[in-house]
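Working notes for the structure below.
Along the sequence shown, the residues carry numbers beginning at 1. Computed over heavy atoms, backbone and side chain alike; hydrogens, waters and symmetry mates excluded. Just follow the structure's listing: the first ligand is 1, and inside any ligand the first atom is 1.
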Amino acid sequence: MNRKRVGILISGRGSNMMSLIAACERPDFPAEIAVVVSNRPEAEGLERAHAAGIKTMAIDHKQFASRVPFEMKLHQALLDHGVELICNAGFMRMLTGGFVDRWRDRQLNVHPSLLPALPGLDTHARAIDQGLLIHGCTVHFMRLEMDTGPIVAQAAISVLPTDTAETLAARVLEQEHLIYPHALWLVAGGHVRIEHERAIIASPVNHGPALISPPLRALR
Ligand code: GAR
């Protein structure tokens with residue numbers, strides 16, 4: 001099988017990265033991890049990737065005068081490792097148009113909300129503040145504008161009246177760990193094409209029950 005070579009970009013603990021690494025360990029998975037790169041040398045995820053036997057690199061953005069030279073170094077590092085597809089996994093550095101365009105339709109991102117709702121930071125606290133009853137996460141192709149781009153997979157969960165930002169984040173994160181490997185499987189396996197800025201997925205349609213929050217009670 002011709003496995004797509006994936007570069008993972010991280011900035012922190014790397015739990016989504018670990019879910020991608022675990023998926024790629026399956027012999028039938030259509031992707032392999034070529035390298036993990038962090039813009040923060042102290043990122044916990046670098047240790048975790050190294051312990052899993054994955055090649056790691058730190059490219060400290062603070063060592064560069066501006067974004068463009070940092071991104072040139074990052075781009076070259078990815079090419080040096082034969083990367084064909086990038087997965088941003090908690091990579092918290094804005095990328096310029098030059099980089100995003102070079103990797104157009106070859107760079108995925110996971111975001112902790114049901115995009116296009118709640119782009120940006122603090123999504124869980126904002127979901128609670130805005131009284132959302134359904135929240136979730138999204139895997140999408142990267143575009144220049146932050147947290148936009150064709151959507152490959154989403155998962156939705158109920159927001160409970162007792163939720164704090166932390167409890168909600170933990171339940172959303174569980175779903176991120178499911179949909180990110182799933183989305184990578186779809187994209188690396190050639191099951192996704194982009195048409196008019198929509199990701200068209202050649203996979204069974206979900207006819208499962210709707211998520212209704214709060215749950216329906218029998219009406220008598
Ligand atoms: C994840 O929740 C991811 O969705 C989020 O950062 C966290 C990283 O956790 N990303 C963004 O907010 C990007 N806009 P992880 O390092 O344990 O994967």
### Candidate pair His111 and His140, rule side-chain hydrogen bond (donor to acceptor under 3.5 Å, both in side chains), full reasoning
CA-CA 8 Å; His111 180 75; His140 63 99; 5.8 Å; no
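Between His191 and Trp185, the two ring planes are parallel [angle under 30°; tilted spans 30° to 60°]. Using cut-offs of 30° and 60° on the angle between ring planes, the pair Phe91 and Phe70 is parallel.
Note on Arg143 versus Asp101: no salt bridge recorded, every NZ/NE/NH1/NH2 to OD/OE distance being 4.0 Å or above.
Protein residues with a heavy atom closer than 4.0 Å to ligand 1 are Arg13, Gly14, Ser15, Asn16, Gly90, Met92, Val110, His111, Pro112, Asp147, Leu173, Glu176, listed by chain and number.
Not one N or O on the side chain of His81 forms a donor-acceptor pair closer than 3.5 Å with the backbone of Gln76.
Taking Asp122 as the reference, nothing meets the side-chain hydrogen bond (donor to acceptor under 3.5 Å, both in side chains) condition, with sequence neighbours excluded.
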